[in-house]
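What you see is a predicted model; the values in this text were computed from it and never measured. Residue numbers start from 1 in every chain, and the chains themselves are labelled A, B, ... in the order their sequence lines are given, proteins ahead of strands.
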Amino acid sequence: MTSSVPHFKTHFANLFRQAANRITTVDPHARIELTRTKQASHGDYSCNLAMQLAKSLRQNPREVAQSLIEALPASPYLEKVEVAGAGFINLFLKSTAKQQYVQVILHNKEAFGCSDYGQGRKVQVEFVSANPTGPLHVGHGRGAAMGASLANILSMAGFQVTREYYVNDAGRQMDILALSTWLRYLEHHGVSIPFPANAYQGEYVRAMAQLIHQAHAQRYVHHPDQLVEGLPDSARETPISTDDELDQLIANCKRILGQDYAYIHNFVLTEQLGDCRNDLMEFGVEFDTWFSEQSLFDNGLVNHAMQLLDEKKVLYQQDGATWFRSTDFGDEKDRVVCRENGQFTYFASDIAYHLNKFERGFDQVINIWGADHHGYIPRVKGALQALGQDTSRLEIALVQFAVLYRDGKKASMSTRSGEFVTLRELRQDVGRDAARFFYVLRKSDQHLDFDLDLAKSQSNDNPVYYVQYAHARVCSVLAQWGGEADELLQADTSVLTESAELALLQKLIDFSDVVETAARELSPHLIAFYLKELAGEFHSYYNSTRFLVPDTSLQLARLALVASIRQILNNGLCLLGVSAPDKM
RNA sequence: GUGCCCGUAGCUCAAUUGGAUAGAGCACCAGCCUUCUAAGCUGGGGGUUACAGGUUCGAUCCCUGUCGGGCACGCCA
């Protein structure tokens, strides 16, 4: 921060530490916590240190509090300090301390809210990581909004953030997509078999088949007899539906196409990944790294990880498969890493992937997973532990599914038959800003009821507009004033003495603490709640107080205040990937 | 059946991770535009935090049990 005004919580915590050292040698490591009070009568900040020390000092908490206050070094920012309740120490800030923050905010602009909480530690956030086998749906949308917002928050809180998307380009699912596309292509040429019930049904598969046809005409057409080899005769008339049959079909497909298979596979992957990337970009979500699962195999990292596990004696053979003894590390049962057919499981490449993440030197690795994957956590952490890694570096944030509501009814979201709502449709329906905001309006590990009608409505019920409207209102006022931004820096803010003004100032000061808490708790929703509160206080102030008053000194001070409010609204909305419009 | 998560105002959700009198928004009722954007504001009622115990200065938060809901329990990803 480029100002002499300190971060109050840190400042007061230091004072209390000194005070504690003066009155006792007990609990030198006790964390000293300053909290914002809920009630104005309790002052601005509160400290519960006395109550924490009381037990070991065998003294009445209120007496300890009194001793602490007497030992507290003087602070130029404090109006008064008092003991309250069971032994709380309440701090009352001087108005001037708050008023100075207007200048600080106007000076630091979009950097206000930044802190060194993260101390430049390297943190990776891996999110979305959806299989590139079809369009992103609204479930992915929440993970995308959550991850992107969280990454921004961590960055503001002083972490060095890398945003990563893990591309599952190696597995069976990709084979199924390639097969599906090829079958549609054959269908187009009238030489296919009934489309398998367990292949990808979506319209986008037909679209890809069409593209291949346009580019290469009949080059990949083959006789249908070869297709059904190893399959029951009925496969010519009725769609197959079992996994075994589909695997047989995939094998036939690879054999028939030979080297051309790689082309189809690569084509559908590139196509889907490109679509995904565009979709996310339009959603305001971008990544630093797109990490290929296939590359783990190509670079021998999977074999390497398996070898290490083997050296640690935590692998064993049974029923022709290779198992990882995850029960030794808290899992419910042991897990297969290599199947009877010699193929590695998804778990195997995931072990290699996470080991690789750790070896890339991130101090902290955050995975954002759908909550339905929670059962997967013990085995991944178990594997890392087996490899001698410090699993506390890995944090997994679970995101519950969002349930869409339209006309008060659940909008169906079955992944089968391509009936699911895509993220793209959602964006086109409610707009990017509303979608981004609504997704982070709840604690992410809670179910989210997404009210589509509300998100679309241009009414005061809609929290997105409520916050954006506050921003636009400030812009409008400043435009009518017509002055230069530099003039605001000269404002004498000591005339901001109304209770609403002092409350707003405190609210602005809180911003960096909220960012820090959101970073610590991996909770973007705190930013959304904060913005709603700040906007609410502003709207109230707006209605009760006129800014463009004849008293030019008072006018300038109030304009400086609302300009700083605008700055914080902008900074907060930016964290969430929501625009801050000048006009509405 | 086993494991994890959840249960807060009529509805949707908060509560700075153990702090003070549990807060917002909808919905409902009554008001505010000759004045910087009414996509706004002001006021009002609404609670045994599912239930029963326990831990302590203090519990929505931690422990135990019961009831109710969600998810996961593959050589799928």
Side-chain angles (χ1 to χ4, degrees), chain A residues 33-39 41-42 46 48 51-52 54-55 60-62 84-88 90 130-131 133 168 171-174 176 243 293 318-323 332-333 335-347 349-350 370-378 398 400-401 405 408 441-443 445-449 451 454 457-466 468-470 472-481 510 513-514 516-518 520-521 523 525-526 528-529 532-533 535-536 538-549 555 558-559 562 583-584:
Chain A
E33 288 177 0
L34 269 292
T35 52
R36 282 275 290 113
T37 55
K38 289 172 187 167
Q39 288 181 56
S41 64
H42 293 153
S46 174
N48 64 357
M51 291 181 285
Q52 290 178 335
K55 197 180 294 176
N60 182 316
R62 288 188 65 103
F88 292 100
N90 291 337
N131 278 347
T133 52
N168 291 115
R172 177 169 178 266
Q173 296 304 317
M174 279 310 300
I176 298 175
D243 281 352
E293 180 188 7
Q318 187 178 305
D319 304 328
T322 308
W323 299 69
E332 294 172 354
K333 54 171 292 198
R335 309 290 174 176
V336 170
V337 289
C338 187
R339 288 183 286 208
E340 198 177 358
N341 65 9
Q343 287 194 312
F344 286 112
T345 59
Y346 177 86
F347 180 40
S349 47
D350 234 24
D372 54 334
H373 283 66
H374 72 262
Y376 202 73
I377 298 171
L398 297 177
Q400 292 281 359
F401 287 127
Y405 284 84
L441 214 41
R442 302 279 174 265
K443 233 168 166 166
D445 60 352
Q446 301 286 340
H447 283 103
L448 167 67
D449 285 348
D451 187 334
L454 178 60
S457 76
Q458 303 208 342
S459 75
N460 50 354
D461 305 350
N462 192 331
V464 190
Y465 288 112
Y466 186 79
Q468 290 181 319
Y469 185 48
R473 267 185 155 173
V474 178
C475 290
S476 178
V477 171
L478 291 175
Q480 291 192 33
W481 167 59
D510 289 342
D513 288 334
V514 174
E516 183 181 312
T517 306
R520 185 175 58 243
E521 300 180 7
S523 297
H525 77 278
L526 293 175
F529 275 87
K532 284 203 296 180
E533 286 165 12
F538 166 75
H539 284 310
S540 181
Y541 179 51
Y542 180 94
N543 273 272
S544 68
T545 312
R546 226 183 133 65
F547 311 147
L548 299 174
V549 290
Q555 169 178 297
R558 286 182 174 162
L559 289 174
V562 297
K583 274 186 219 166
M584 287 176 75

- Message: Measuring only between side-chain heavy atoms, which start at C-beta, is A:Tyr376 closer than 4.5 Å to A:Asp350?
- Response: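 The answer is yes, as the side chains (C-beta and beyond) meet within the 4.5 Å cut-off.
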
- Message: Quick one, A:Tyr541 and A:Phe547 - any side-chain contact, counting heavy atoms below 4.5 Å?
- Response: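 A:Tyr541 reaches A:Phe547 side chain to side chain.
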
How is [X] classified with respect to the nucleic acid when contacts are heavy atoms under 4.0 Å: base, sugar-phosphate, or nothing?
X	result
A:Phe347	nothing
A:Ser46	base
A:His373	base
A:Ala472	base
A:Ser540	sugar-phosphate
A:Ala84	base
A:Asn90	base
A:Gln400	nothing
A:Lys583	base
A:Phe529	sugar-phosphate
A:Asp451	nothing
A:Glu340	base
A:Thr545	base
A:Asn48	base

Nucleotide nearest [X] (side chain, heavy atoms from C-beta), chosen from [options]:
X	options	result
A:Gln173	B:A77, B:A15, B:A20	B:A77
A:Tyr469	B:C75, B:G70, B:U37	B:U37
A:Ala86	B:C57, B:G3, B:C75	B:C57
A:Arg546	B:A15, B:U37, B:U35	B:U35
A:Val477	B:C36, B:G19, B:A38	B:C36
A:Arg473	B:U16, B:A38, B:C36	B:A38
A:Ser476	B:C41, B:U37, B:C75	B:U37
A:Met584	B:A39, B:A77, B:A20	B:A39
A:Gln39	B:A15, B:A20, B:U17	B:A20
A:Lys38	B:U42, B:C13, B:A15	B:A15

- For A:Phe88 and B:A20, is the gap between ring centres under 5.5 Å while the planes differ by less than 30°?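 It does: the two rings, one from A:Phe88 and one from B:A20, meet the stacking criterion.
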
- Ring-on-base stacking between A:His42 and B:A20, under 5.5 Å between centres and under 30° between planes: is it there?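 Check passed, A:His42 stacks on base of B:A20.
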
- Straight-line distance of A:Arg442 CZ to A:His525 NE2, nearest 0.5 Å: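 Between A:Arg442 CZ and A:His525 NE2, I get 10.0 Å after rounding to 0.5 Å.
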
- Item | Salt bridge present between A:Asp243 and A:Arg172 (N-O < 4.0 angstrom) |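 Here A:Asp243 pairs with A:Arg172 in a salt bridge, since their nearest N and O are under 4.0 Å apart.
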
- Task: Answer yes or no: is there an ion pair linking A:Asp510 with A:Arg36, defined by an N-O contact shorter than 4.0 Å?
- Result: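 Answer for the salt bridge query: yes.
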
- Query: Would you say the base of B:U17 and the side-chain of A:Glu521 have a donor-acceptor pair closer than 3.5 Å?
  - Reply: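 Pair found.
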
- Task: Return no unless some side-chain N or O of A:Tyr466 is found under 4.0 Å from OP1 or OP2 of B:C41.
- Result: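 For B:C41, OP1/OP2 do have a side-chain N/O of A:Tyr466 under 4.0 Å.
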
- Query: Taking A:His539 for the side chain and A:Tyr466 for the main chain, is one N or O donor matched with an acceptor at less than 3.5 Å?
  - Reply: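 Judged by distance alone, yes, a pair lies under 3.5 Å.
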
Pairing partner of [N] (Watson-Crick or G-U wobble, both distances under 3.5 Å):
N	answer
B:A38	none
B:A59	none
B:G45	none
B:U8	none
B:A72	B:U2

- Query: How far does the C1' atom of B:C6 sit from the matching atom of B:C29, given to the nearest Å?
  - Reply: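 About 34 Å, rounded to a whole number of Å.
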
- Query: Between A:Ser41 and A:Asp449, which is nearer to the 5' end of RNA chain B once each is assigned its nearest nucleotide?
  - Reply: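 Nearest-nucleotide comparison on RNA chain B picks A:Asp449.
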
- Item | Shortest non-hydrogen contact from A:Ala86 toward A:Arg62 |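 For A:Ala86 versus A:Arg62, the nearest heavy atoms are O-CG, 3.8 Å.
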
- Query: For B:C33, does the glycosidic angle fall within 90° of 0 (syn) or outside that (anti)?
  - Reply: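 Syn, which is what one calls it when the glycosidic angle falls within 90° of 0.
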
- Based on the glycosidic angle (syn within 90° of 0, else anti), state the conformation of B:U17.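 What B:U17 shows is a syn base, its glycosidic angle lying within 90° of 0.
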
